[in-house]
> 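For reference, the structure I am asking about is given below.
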Amino acid sequence: MAELEGLEFGKSDFVLLDEVTMEQFMENLKLRFEKGRIYTYIGEVVVSVNPYRQMDIYGTETIETYRGRELYENPPHLYAVSDAAYKAMKRRAKDTCIVISGESGAGKTEASKYIMQYIAAITNPSQRAEVESVKNVLLKSNCVLEAFGNAKTNRNDNSSRFGKYMDINFNFNGDPTGGHINNYLLEKSRVVQQQDGERNFHSFYQLLRGGSDEMLQSFHLQNDPAAYVYTREGAATATSNNDRSSHKVVMSALGVIGFSREEINSVYEILASILLLGNLQFESDGESVQIQGLEAVSHVSELLSTDPESVSKSLLYRTVATGGGEVIEKGHTEQDACFGRDAFAKALYERLFAWIVGRINSVIEVKNYNPVLHGKNTVIGVLDIYGFEIFDNNSFEQFCINYCNEKLQQLFIELILQQEQSEYEREGITWQHINYFNNQIIVDLVEQQHKGIISILDEACLTVGNVTDTVCLDSMDSKLAHHPHYTSRKLSPTDKTMDFQKHFRIRHYAGDVTYSVEGFLDKNKDLLFQDFKRLMYNSANPVLKEMWPDGQLSITEVTKRPLTAATLFKNSIVALVDKLACKEPYYVRCIKPNEMKSPVLFDDARCQHQVAYLGLLENVMVRRAGFAYRQHYPRFLQRYKMTCEYTWPNHLMASDREAVEAIITQHGFQDDVAYGQTKLFVRTPRTLFTLEQERSALIPILVLFLQKVWRGALARMRCRRMRAIYTIMGCYKRYKVKAHFWEVERRFASVRTMADYGKSVEWPTPPAALSQFHNNTVLLHRRWWARQIVKNIPPSDMLEVRAKVAALTALSGERKDWGISRAWERDYLANARDCPQTSSSFIRVSKELRNKDEYNQVLFSGFCRKVNRFNKSTDRGFLVTDKYVYKLEPKKQYKVLKRLPLDAFTGISVTSGVDQMVVLHTSSQDDVLLCLQRGSCAPTRTERASWWARWWTTSHE
């Protein structure tokens, strides 16, 4: 455990210092650095000092040492805080995040890689293929983003020139299922210009040094960075072997992530085109500007899958739409052409980087996740973002970077300092309030609406006319003259470290930074001529076309003015802080020991400055004055109640708080705890570790006791079971019979009051001995049910019921649709309510026939279509009485066309389908084929289908 480290290594937790002073803090930090202990705790915050050398404290063996252990059980390490974040996420289903902060060169990028390595190592123990695939993509994405987003600076050989926040999604088992990467403010100005001794992005040198001869030849490149303007500055510092090996690693990683060969080739074609763009030179004859060496233009157009003429035109001219809709071309000056070339190169690289991040996200993002089916999806966020920067020449990029660090420092203050003290006040814990610097005033200086520097910059960018950086500086001087954290040479004329009309200074929490206002407005506008956007959108390369969707707009289409670079960055950082604030944070505070990148040099003044602006001393004071651990009483009691005889297995005290007090008193920890309203506060980790040790020692004893009791219970249960078996065997048959009777009685107890008299009640399965009895009972119930149904039918309807029963007997199983569900009217022509004219005509004819032929009743009437042997059909009326069958002509007042005695028919045939074909069989074998049909007063198809069985059964009763 951490406190078992020897005294020669100093204190592993700054909270354990004898006195909380800057001198003792720095002395302990320096001692641990010199002894090779680069990690130190402040409670749960890890302070990391960059060792500038490889250290043997990582790898599989070390990972196993920290897996599942508490923070205080092992020496301080990144793995410990990673495991703490993972356990909090898995045990409590709570989203967590690890915020890595510090200035450039302090080791943030390496720290994020070790955190990712640990999380990947401890997850997916079952080696499921889909989880391993996600882990591989997450790990491989690091080296790809490093290649395209990192560069060598004077402070750091592998400096992140963009901010990265990665969310890793976990399922309910704690295995990674996907993730999402957000990138912030890529330093694209580095593409075209670097400070002395610095390099462009790694990707350019990896291509030039590591690309095969065949690849470079196809891209029209040489393997010498000095041959290109954009990489010439860093050519002398390029390390050939590292670039070659890194190129192979990146190419392999792109394949693992899921980039196709065509996509990988497109990525490097764009890199090559940027290098060739930088070598383009312009010359002016006083009237127009020309490109020197058109061969380079053709190479660029080939790599960008466009035609050389369009490339030249975009570089030399700008297409403008006038107010009247007229489109004109304005030629560039030589300076404007160079500016457009560089802006195009920067935009190409920025869009390429954003596309790579988006492509990685499309692979790792969680798809079709259903919390109901898969459980809660929890997240661990890892933030690796650029540190605070103070250069000799600080421009717009440093302004944005330092603003970002102000926001993160503010989040740290709110979550670690303010919330800590607020919780003590809320819980009623007595303690000494700690004063600390709140940098809200600096954040407001930058981002406040209408008054902040970003608002002033945006206002200058939107102003019509010749607004220069100097005019913008004058505006800031007038509006911010009384702000305590802002000054300039105009406001401080005696300060000769600043120049008039060029510099302004902000007093950041990390120190004073002097910014050069030159280029602020251009970088904030982030201007790129629409000609380049349309050129790329019309490229034959689908990857380029996807990167430039805004190029589809024509020059005459009016578009909304885009947000400025500073506003976009501010919005993204505000969203990032909101995202971090809703998670449980874990902090890694990185410190840079010296400017020489030496593994042995510890610059006291440099480190003390970082400790001061990171607020580490205040953090120690809050932790020391406060408590290292806190937990709600019920949860604390649940975990440690077995360590006290008064609380195990259950306590009889008035409240959980009293039970917790009993545990603490029995162990003698009264002086190391405080009791809040709802929580117990423990001052030092040793107390908690002692309780954990005792709990761990008791658990095996409790397990043995439970095993002994359980074995005895099993033996007694086995004896009782054997005795019971014989009793059950004797009673089983009687029980089954009775159980069946009881179940039948239960199910059919209320059938008399049920609407269907128990027809829908399912009969229980009888035992084998009652099968015959069951069949008889079912038959009796059916007869009783039928009687209940029939006795409720009015006598006037019984004739129809008998007819339907007869029809069911004749047609059951033969024809599905035979009209049982509706009333049978028989005489449909006489009862045609919706056609009274037809009804009256038929009734008149029917009476005449009744008088003439003396029949007693009409059995059936309706429309039909007669079909003869020549397949000709005619519409007819059809009347069946108890003596005759008539064929009628509906169109002639139901004139009788034919009359046959009823006994001349020997049978009737219908089909089993839904058609209406009917055959009447006669004794003379002169059968009649009819097709019943819907007339203006005819019944429905279902009604017609039932006529024949009804008529036949009725007339032959």
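Source: prediction; values computed, not measured.
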> Closest heavy-atom contact between V311 and S301?
CG2-CB, 3.7 Å

> Is D550 salt-bridged to K533, going by a charged N under 4.0 Å from an acidic O?
yes

> Verify the ring-centre separation between Y230 and F201: is it less than 6.0 angstrom?
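Between F201 and Y230, the centre distance exceeds or equals 6.0 Å.
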
> Scan residues 259-280 for pairs that pass ring pair (Phe, Tyr, Trp, His ring centres under 6.0 Å), counting only residues two or more places apart or in two chains.
H247-Y268, F259-W355

> Between F504 and F520, is the ring centre distance below 6.0 Å?
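Yes, ring centres under 6.0 Å apart.
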
> What residues form a salt bridge (Lys or Arg N to Asp or Glu O under 4.0 Å) with K592, not counting sequence neighbours?
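For K592 the salt bridge (Lys or Arg N to Asp or Glu O under 4.0 Å) partners, ignoring immediate neighbours, are E595.
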
> Looking at F399 versus H508, is the centre-to-centre ring distance below 6.0 Å?
no

> I'd like to know if K570 pairs up with E447 as an ion pair, taking the criterion as any Lys NZ or Arg NE/NH1/NH2 lying under 4.0 Å from an Asp or Glu carboxylate oxygen.
no

> Look at D526 together with K188 and state whether they make a salt bridge at an N to O cut-off of under 4.0 Å.
yes

> F353 and ring-ring contact (aromatic ring centres under 6.0 Å, His included): which partner among F162, F148, Y184?
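Among F162, F148, Y184, the one meeting ring-ring contact (aromatic ring centres under 6.0 Å, His included) with F353 is F162.
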
> Salt bridge or not for E397 and K523, using N-O below 4.0 Å?
yes

> Please name all residues satisfying salt bridge (Lys or Arg N to Asp or Glu O under 4.0 Å) with E518, sequence neighbours left out, ordered by chain then number.
none

